[in-house]
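What follows is one structure encoded as structure tokens, with my remarks underneath.
We name chains A, B, ... by the order of the sequence lines, and we start the count at 1 in each one. Scope of the values below: all heavy atoms of this structure, side chains included, with no hydrogens, waters or symmetry mates.
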Amino acid sequence: MQVKAPRGTYDILPPDSAKWQYIEKIIYETAQLFGYSEIRTPIFEHTELFERGVGETTDIVTKEMYTFADKSDRSLTLRPEGTASSVRALIEHSIYGGVMPVKWYYSGPMFRYDRPQTGRFRQFHQFGVEVFGSNSPYLDAEIIMLLVKILANLGLDDYELHLNSVGCPGCRENYRQKLIAHISPIKEKLCTDCQARYQKNPLRVLDCKVKSCQEAISGFPYIYDSLCDDCREHYTKVKSALEDNHIKYIHDNNLVRGLDYYTNTAFEIHIPQIGSQSAVGGGGRYNGLVKECGGPDIPGIGFALGMERLLLALDSMPGRIQPEVKLDVFLAVLDEKYNSQALQVLDRLRNSNIKADRDYNGRSMKAQMKYADKLGAQVVILMGEDEVNHGTFTIRNMNSREQLEVEAAQVIPVIKDILA
RNA sequence: GUGGGUGUAGCUCAGCUGGUUAGAGCACCAGAUUGUGGCUCUGGGGGCCGUGGGUUCGAGUCCCAUCAUCCACCCCA
């Protein structure tokens, strides 16, 4: 049996690869406009990093990691997300000793052993940003503005921005107690998952998708009401900054992030029309994470975008992108004795920044014309006995069907004129 | 990890209640007189009918398993 790509992985081939290049370019340029610089970290890390950084009780760590032992029996893990590596790099290179805040972006494949589904793969791609060294609520607002700007530049405007604050560890403990107190009396009404987890992490019950749980918890206290003065003030400033900048958001009391390290501001972007995996991006503040990973006590905030989901969203909104890699010039070589000479002609065209190609499979002239048409060539250059003898080339405009014979030296200007 | 759907040419699919050399459209290649594309016509190449078992005189068609894929749950980006 032939070998296929492993479950949950896939190949990105033309013409789809052009779509990827298109959205990557827009995203990187937007991030750079906001003052971010790129980092590239390893695709695998010590398993311990993710256990510490992502949280040992999370689903990601407990059941979704690609963990393996190398030949020296080190336990390594294919990265399931990008924040932990960023934090590790920040600490390892003592970046916090320099100018703060540090604004980074990254992009690349992530790995999670999940059941594949629409918008969910085992190897998927994320773009993310991280900022270290500032606790300003206006930075929270700016990072959300970056996220919104990226979506706008991609032509995506039909989305929902959900916002909440999960407070600091103090608020959370306070809230946890309140929640447990409220859930305990009616725990029989909850699904088995929630019954199992409400003691340890009652926050998870809030965004449980089971209807009966949602019904059971209606009227329950919100974390917003348990925020301490500092956290409440922080959240209020974030909201008003967004309002001042005309960013529409939905305060979502049920939004709690799945990763343990989040504090204060949490946000998610949803595009419902792409299916049940509607979260295109999400992030928040993680003020305790750097310290937790062995660094100094400095705050951080970031978000990640799911590239596959962005593509799904763009595909669901027709006409958003149609990047075509068309050929400028096709060189039809009418006699094989000019094969080598033809390469020189192509070289000259390409040196003038003209996208040019030719046939290598011995096609007839007619077949070469068809081939040129399929490649989307705007111009065909004919190179046959007549032309070579006269020191000229015949240039055919494929759109107007006009043809003219020009001196060798005039070929590039004439073609540039047609392409312009 | 749970539930359901689907696996026939590169792609989209047809193949009636099991019956002889497995089809269509699109795509690909070649022709329709001399060195000319998009339309049309003609011809051609290409399928261990996902894989492995089983039932049967006979299986693309029925049964089981397995793998893959899709949809949803779960989780998340």
How close or far is atom [atom2] of [N] from atom [atom1] of [X], stated in whole angstroms?
X        : N      : atom1 : atom2 : answer
A:Asp59  : B:rA77 : CG    : C1'   : 15 Å
A:Glu308 : B:rC76 : CD    : C1'   : 13 Å
A:Gln368 : B:rA30 : CD    : P     : 10 Å
A:Tyr286 : B:rA77 : OH    : P     : 13 Å
A:Ile144 : B:rA77 : CD1   : P     : 15 Å
A:Glu64  : B:rC74 : CD    : P     : 14 Å
A:Glu81  : B:rC75 : CD    : C1'   : 14 Å
A:Glu268 : B:rA77 : CD    : C1'   : 9 Å

[atom1] gap between [N] and [M], integer Å:
N      : M      : atom1 : value
B:rG54 : B:rA9  : C1'   : 28 Å
B:rC62 : B:rU17 : C1'   : 12 Å
B:rG50 : B:rU56 : P     : 23 Å
B:rU40 : B:rG35 : P     : 26 Å
B:rU8  : B:rU55 : P     : 26 Å
B:rG52 : B:rG7  : C1'   : 15 Å
B:rC49 : B:rG23 : C1'   : 12 Å
B:rG38 : B:rC26 : P     : 15 Å

Out of curiosity, A:Ile381 CD1 to A:Ile354 CD1, how far, rounded to the nearest 0.5 Å? 7.5 Å
Does the distance from a Lys or Arg side-chain N to an Asp or Glu carboxylate O, for A:Glu81 and A:Arg112, drop under 4.0 Å? no
Salt bridge check, A:Asp315 against A:Lys19: does any charged N sit closer than 4.0 Å to a carboxylate O? yes
Taking the ring of A:Tyr371 and the ring of A:Phe330, is the distance between their centroids below 6.0 Å? yes
Using a 4.0 Å heavy-atom cut-off across all strands, classify [X] as base, sugar-phosphate, or nothing.
X        : answer
A:Gly8   : sugar-phosphate
A:Phe124 : base
A:Gly128 : nothing
A:Ala304 : sugar-phosphate

Applying a 3.5 Å limit to both distances, which nucleotide forms a Watson-Crick or G-U wobble pair with [N]?
N      : answer
B:rG47 : none
B:rG3  : B:rC71
B:rG52 : B:rC64
B:rU40 : B:rA32

Can you see whether [X] engages [Y] through a side-chain donor-acceptor pair at a distance of less than 3.5 angstrom?
X        : Y        : value
A:Tyr286 : A:Thr83  : no
A:Ser75  : A:Glu48  : no
A:Tyr10  : A:Gln123 : no

What orientation do A:Phe127 and A:Tyr105 show, parallel under 30°, tilted 30 to 60°, or perpendicular over 60°? tilted
Could you give me the CA-CA distance, side-chain angles and deciding distance for A:Ile95 and A:Trp104, then say whether side chain to side chain contact (heavy atoms under 4.5 Å, CB included) is met? CA-CA 11 Å; A:Ile95 303 298; A:Trp104 282 346; 3.9 Å; yes
Can you check whether any acceptor in the base of [N] is under 3.5 Å from a donor in the side chain of [X], or vice versa?
X        : N      : result
A:Arg115 : B:rU2  : yes
A:Arg363 : B:rC29 : no
A:Gln277 : B:rC75 : yes

Checking contacts here: which listed nucleotide (B:rA68, B:rC73, B:rG1) is nearest the side-chain heavy atoms of A:Gln117? B:rC73
Please compare A:Ala279 and A:Tyr113 by the position of their nearest nucleotide in RNA chain B and report the one closer to 5'. A:Tyr113
Please write out the pairs of protein N or O atoms and N or O atoms of nucleotides 33-42 of chain B separated by less than 3.5 Å, giving the distance to one decimal.
unit_1 : atom_1 : unit_2   : atom_2 : d
B:rG35 : O6     : A:Asp386 : N      : 3.0
B:rG35 : O6     : A:Asp386 : OD1    : 3.0
B:rG35 : O6     : A:Asp386 : OD2    : 2.4
B:rG35 : N1     : A:Glu387 : OE1    : 3.0
B:rG35 : N1     : A:Glu387 : OE2    : 3.2
B:rG35 : N2     : A:Glu387 : OE2    : 3.0
B:rU36 : O2     : A:Arg396 : NH1    : 3.1
B:rU36 : O2     : A:Gln403 : OE1    : 3.1
B:rU36 : N3     : A:Gln403 : OE1    : 2.8
B:rU36 : N3     : A:Gln403 : NE2    : 2.9
B:rU36 : O4     : A:Gln403 : NE2    : 2.6
B:rG37 : OP1    : A:Lys366 : NZ     : 3.3
B:rG37 : O2'    : A:Asp373 : OD2    : 3.4
B:rG37 : N7     : A:Arg396 : NH2    : 2.8
B:rG37 : O6     : A:Arg396 : NH2    : 3.1
B:rG37 : O6     : A:Met398 : O      : 3.2
B:rG37 : N1     : A:Met398 : O      : 2.4
B:rG37 : N2     : A:Asp373 : OD1    : 2.9
B:rG37 : N2     : A:Met398 : O      : 3.3
B:rG37 : N3     : A:Asp373 : OD1    : 3.2
B:rG38 : O4'    : A:Asp373 : OD2    : 3.2
B:rG38 : O6     : A:Arg401 : NE     : 2.8
B:rG38 : O6     : A:Arg401 : NH1    : 3.1

